[in-house]
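Below: the structure, in structure tokens.
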Amino acid sequence: MTGDLNVTVYFQPKRYSVSVEVDGTGEVSISGQQDGYNHFGDVIDLNASAPLGFVFSHWIGYGPDTNDSLTTLTVSQDHNLTAVFVPETFDLSVSVSSSNHGSAYVIEEGPFHYAERYMLLAEANAGYSFTHWSSPTDSTFMLDDANLSITGLTLYESSEFTANFEEIYNELQVNMSVGGQSVSPASGSYSAANLISVDATPLTGYEFYRWNDPSGVLANPFLAQTDANISKELGMVMIEAIFRKKNYLVSIEEGTGGNVVFDQPNGPWEYLGNYGLHATAQPGF
């Protein structure tokens with residue numbers, strides 16, 4: 001010291017850095033920064049914006065005043081932030097034109113995200129066939145093929161899809177062999193969605209034997225009255241009632257004084273069959 005001194009001390013606000021990274025698809029704008037440095041107590045605006053199909057989820061790191069996409073940051077230290085973006089979630093539902101006709105599913109489980117791939121499946125009940133997918137939300141453009149029962153889907157918005165079915169009609173031809181009086185129903189076109197009752201009636205002296213059922217549509221081909229399930233076969237279905245002559249019991253007894261010779265003693269003896277019967281008397285008779 002050599003004399004009186006006047007000393008002035010100068011202070012400046014401490015500078016802090018604020019950095020923001022992006023996780024996912026989106027971008028962040030920062031306002032209020034100058035030369036990349038900020039002072040204690042400065043307020044910075046943060047704005048996270050997402051493109052079509054994505055949404056802002058949350059901030060990672062200390063500092064943002066709220067967890068909204070548009071928020072502020074009050075500087076109090078070096079801040080390292082991350083803005084997290086995720087694909088947008090949509091509603092995806094499927095239904096059927098009638099629950100009696102079939103069922104429909106989304107094969108994958110939700111949540112359902114923008115631009116991701118999913119599979120739709122429609123299954124027809126017996127007697128029905130799938131025709132096409134329709135959409136009350138006009139979303140069929142997202143489908144790979146609206147005419148396929150199982151098809152791919154690229155999701156761009158909340159969507160509803162309906163599986164449509166139509167009833168199958170097959171030709172049923174009902175025939176009968178010799179010995180039949182009638183068969184029902186008459187040959188014609190019938191719905192494959194319902195069982196069809198069939199019946200065979202023989203002529204006098206004949207009996208029902210079995211159905212000729214090459215397609216295997218009958219519940220029991222050995223019953224004269226049974227049900228036909230023509231959904232098992234596509235196109236023409238043919239069945240034929242087979243009849244045969246009845247067999248009868250013939251009993252021959254010989255009285256005293258003679259013998260009987262029967263051409264066919266052990267049968268079978270059929271309806272309208274002709275068999276030789278000879279009675280020979282013994283001497284004295």
- Task: Take the angle between the ring planes of F85 and F56 and call it parallel below 30°, perpendicular above 60°, tilted in between.
- Result: perpendicular

- side-chain contact (heavy atoms from CB on, under 4.5 Å) test vs L81 passes for just one of I60, V28, I30, L73, namely L73

- Should the pair H101 and Y128 be assigned to parallel (<30°), tilted (30 to 60°) or perpendicular (>60°) ring geometry? parallel

- Note on the structure: Only residue of D45, T72, N47 satisfying side chain to side chain donor-acceptor pair (under 3.5 Å) with S31 is D45

- Query: Any chance CG of D65 has more than 12 other-residue heavy atoms, nucleotides or ligands included, within less than 6.0 Å?
  - Reply: yes

- Query: Any side-chain heavy-atom pair from F208 and W211 closer than 4.5 angstrom?
  - Reply: yes

- Item | Verdict with reasoning, Y118 to F112, per ring pair (Phe, Tyr, Trp, His ring centres under 6.0 Å) | CA-CA 8 Å; Y118 303 98; F112 304 106; 5.2 Å; yes

- Can you find a pair of side-chain heavy atoms, one from H113 and one from E88, that are under 4.5 Å apart? no

- Query: Do other residues, nucleotides or ligands put more than 12 heavy atoms under 6.0 Å from the CD atom of Q282?
  - Reply: yes

- Item | Modelled atom types, side-chain donor and acceptor of N80 and S19, under 3.5 Å | yes

- Task: Evaluate whether atom CZ of F90 has more than 12 neighbouring non-hydrogen atoms of other residues, nucleotides or ligands under 6.0 angstrom away.
- Result: yes

- Task: Take atom CD of E27 as the centre, draw a 6.0 Å sphere, and report whether it contains more than 12 heavy atoms from other residues, nucleotides or ligands.
- Result: no

- Query: Is the shortest distance from a Lys or Arg side-chain nitrogen in R244 or E207 to a carboxylate oxygen in the other one below 4.0 Å?
  - Reply: yes

- Message: Could you check whether R117 pairs with D144 (Lys NZ or Arg NE/NH1/NH2 to Asp/Glu carboxylate O, under 4.0 Å)?
- Response: yes

- Task: If the plane angle is over 60° it's perpendicular, under 30° parallel, otherwise tilted; pick one for F141 and Y156.
- Result: parallel

- Query: Is any side-chain heavy atom of S17 closer than 4.5 Å to a side-chain heavy atom of H79?
  - Reply: no

- Query: Do other residues, nucleotides or ligands put more than 12 heavy atoms under 6.0 Å from the CD atom of E167?
  - Reply: yes

- Flag yes if more than 12 heavy atoms outside Y62 fall under 6.0 Å of its OH atom; otherwise flag no. no

